[in-house]
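Just so it is clear: chains get the letters A, B, ... in the order the sequence lines come, proteins before strands, and each one is counted from 1.
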Amino acid sequence: MVSRARERGRAGEVAAAVADPELPMLTLADLGILREVTETGDGRVVVTITPTYSGCPAMDAIRADLSAALRAAGYADVEIRTALTPPWTTDWIGEAGRRKLAAAGISPPGPAAPRAPGPVPVALGPVRRRPACPNCGSGETGEISRFGATACRSLWRCQACHEPFEHVKEI
Amino acid sequence: MSDTPAVHPDAAPGNAYEALNEADDPRWAFGTGFTDPLAGVDTSLPPGVDGADLAAYCLMLGDDALIMSHRLQEWCTHAPELEEEVALANIALDLLGQARLLLARAGTADGTGRDEDALAFLRDPGEFRNVRLAEAPNGDFGHAMARLLVFATWRLALLDRLTASRDPVLAAVAAKGVKELAYHRDYAAGWVVRLGDGTAYSRERVYEGLSAVWPLVPELFAADPVESRLADAGVAADPAALRAEFDAVLDQVLAAATLTRPPVPSEGPALGRGGAHTEALTVLLEELQSVARAHPGARW
């Protein structure tokens, strides 16, 4: 994963700054889907990305945005590759990304639950961790729906300020 | 003519809509030509793995996801609440994504180079390898939740084992799918409990749904010869080995829902895996494939 600016070449800087189409307050670097950017000379760049969800419909838009940004920066030959493993996790959203989500009124994800040995347990009870309201900070929040406008978001309501809000689901 | 907007004459497309489609840029207009979901992924066959068998197996798993996704998509504009509509569409989208990856893997494994569209849209019903559970027509919401619980519980157990597959592409698709199926199963389980432990009528509906789905359960654990060969080769999971986990999860959910298992045969043949389907799949595919069949190779 490209994480620090000094490790990036110029193409890496351009790719890292491309905005996510669904959460445009985040860059692709903030979202943690940018795995590798390699300049091979002669204006050629190979970018490797990891999908957030198997069916994320934004992937084609992300590919096109990356190609357009790199072409605009003077790279004539841009190849976008997919890395499926290890699978993306919300733990790859860095501190900067979490701050930007919160500033936009979207509750950032908590740490993804580590996988215990044995079969994946069924969760029949209420959700274990309630996110704090991004508007007033209250911990008195309730889940309205596990599924929101995009695969990565759930819908919540604050019982203190009564505002609804979105939460990026831990995965 | 001095008032003419400054458009370079050589670059000017025929009309404003075409201008959005310049250079096939998917940022401005949706259409055909999705990017291969395995672009840049190493799809070479692991040593000793039979490409035809691996392709057939990926079609089985991909068709399960594609056909189940279609049944869930049919709930769009029919779900009882907006939240459930969104939930069902989200789950359908995850399964469609899994189907795309698995069909693309099938096309690379058998050497035919068929892409996901060719496999989804241009095969006849007898060439589909999905289990019959996926193709059964939709009933009411109780039926939908019973079927989704059974499907997600079985598929989660299956993909969890495939994370150790000797085919690295299959293992990677499975590792992603496990995370998604875990919340699909939680969603369906939550509704089965709510309906089963709800009113007399909600209980009756979900039990009736479970009873309709239950005869399709034994097929999930019957091995097709392709599955047996690939399980021996460390590529596939033996379906029979999933039964204990499936039973334990169903027992836990049904107990919380105060429901009991419908009476059933415990074993049955692998029908769908061999291409033996019901009329329901033919009708489903007529709709799913209609545009691609009517306009072969169309682009828009």
Side-chain angles (χ1 to χ4, degrees), chain A residues 18 21 35-36 46-69 71 79-90 112-113 115 118-127 143-155 169-171, chain B residues 24-28 30 33-41 65 69 81-101 153 156-157 160 168-169 171-173 175-183 185-187 189-190 193 244-245 248-249 252-253 256-257:
Chain A
V18 171
R35 303 290 284 282
E36 201 175 354
V46 179
V47 183
T48 307
I49 54 176
T50 294
T52 52
Y53 284 74
S54 298
C56 177
M59 290 311 290
D60 276 338
I62 289 171
R63 290 168 165 278
D65 287 347
L66 273 169
S67 283
R71 281 177 214 281
E79 184 189 347
I80 318 278
R81 292 183 183 164
T82 308
L84 296 177
T85 189
W88 181 80
T89 160
T90 40
R115 173 76 193 271
V120 181
V122 193
L124 287 178
V127 285
E143 189 181 55
I144 299 171
S145 174
R146 192 75 52 90
F147 298 86
T150 64
C152 55
R153 287 178 275 180
S154 55
L155 298 176
K169 284 183 278 193
E170 296 79 13
I171 190 171
Chain B
D24 265 349
D25 191 333
R27 290 178 301 161
W28 308 121
F30 289 100
F34 286 104
T35 310
D36 172 11
L38 293 179
V41 173
S69 175
E81 296 277 355
L82 182 60
E83 285 78 7
E84 307 325 315
E85 180 116 347
V86 172
L88 292 166
N90 262 289
I91 293 170
L93 182 62
D94 284 341
L95 291 173
L96 189 63
Q98 293 175 19
R100 290 187 59 197
L101 289 158
T153 299
L156 174 55
D160 201 21
V169 181
V173 173
K176 187 79 214 173
V178 163
K179 292 179 173 214
E180 295 165 351
L181 286 155
Y183 61 77
R185 188 185 63 177
D186 285 349
Y187 169 79
V193 170
E245 181 180 332
V249 171
Q252 183 190 350
V253 175

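- In terms of non-hydrogen atom pairs under 4.5 Å with chain A, the most contact-rich of Leu38(B), Leu96(B), Leu101(B) is Leu101(B).
- For Glu245(B), the part lying under 4.5 angstrom from a heavy atom of chain A is the side chain only.
- For Thr150(A), the part lying near chain B is the backbone, with the side chain staying farther off; criterion is any non-hydrogen pair under 4.5 Å.
- Residue contact with chain A, scored on non-hydrogen atoms closer than 4.5 Å, involves the side chain of Val193(B) exclusively.
- Of all non-hydrogen atoms in Ser145(A) and Glu83(B), the two that sit nearest each other are CB-CG, 3.7 Å.
- For Thr82(A) (side chain) and Ala39(B) (main-chain N/O), a donor-acceptor pair under 3.5 Å exists by modelled atom type.
- Only the backbone of Pro51(A) comes within contact range of chain B, with at least one heavy atom under 4.5 Å from a heavy atom of that chain.
- Contact of the Asp160(B) side chain with the Pro119(A) side chain is not registered, since no non-hydrogen atoms from C-beta on lie closer than 4.5 Å.
- Residues Arg185(B) and Val122(A) come closest through the heavy atom pair NH2-N, 3.4 Å.
- Under the 4.5 Å side-chain criterion, counting only non-hydrogen atoms from C-beta, Leu84(A) is not in contact with Lys176(B).
- When every heavy atom of Val86(B) is checked against every heavy atom of Phe147(A), the shortest pair comes out as CG1-O, 3.8 Å.
- Within the 4.5 Å cutoff, the side chain of Leu93(B) has no heavy atoms near those of the Tyr53(A) side chain.
- Taking Asp186(B), Val253(B), Thr153(B) one by one and counting their heavy-atom pairs under 4.5 Å with chain A, the maximum is reached by Asp186(B).
- Using a 4.5 Å cut-off between heavy atoms, Pro168(B) does not touch chain A at all.
- Residues Lys179(B) and Pro87(A) share a closest heavy-atom pair of CE-CG, 4.1 Å.
- For a residue to count as touching a neighbouring chain, one of its non-hydrogen atoms must lie under 4.5 Å from one of that chain's; by this rule Ser154(A) does not touch chain B.
- Residue Pro21(A) does not touch chain B at all, counting heavy-atom pairs closer than 4.5 Å.
- The two residues Gly148(A) and Asn90(B) have their closest heavy-atom pair at O-ND2, 3.2 Å.
- Only the side chain of Leu124(A) comes within less than 4.5 Å of a heavy atom in chain B; its backbone stays farther off.
- Residue with the most contacts toward chain A among Ala99(B), Ala92(B), Ala172(B): Ala172(B) (heavy-atom pairs, distance under 4.5 Å).
- Ranking Ala149(A), Ala83(A), Pro121(A) against chain B, the residue ahead of the rest is Pro121(A), based on heavy-atom pairs under 4.5 Å.
- Most heavy-atom pairs under 4.5 Å with chain B, from the set Glu79(A), Met59(A), Arg115(A): that is Arg115(A).
- The two residues Arg63(A) and Asp36(B) make their nearest non-hydrogen contact at NH2-O, 4.4 Å.
- In this structure, no portion of Ile62(A) lies under 4.5 Å from any heavy atom of chain B.
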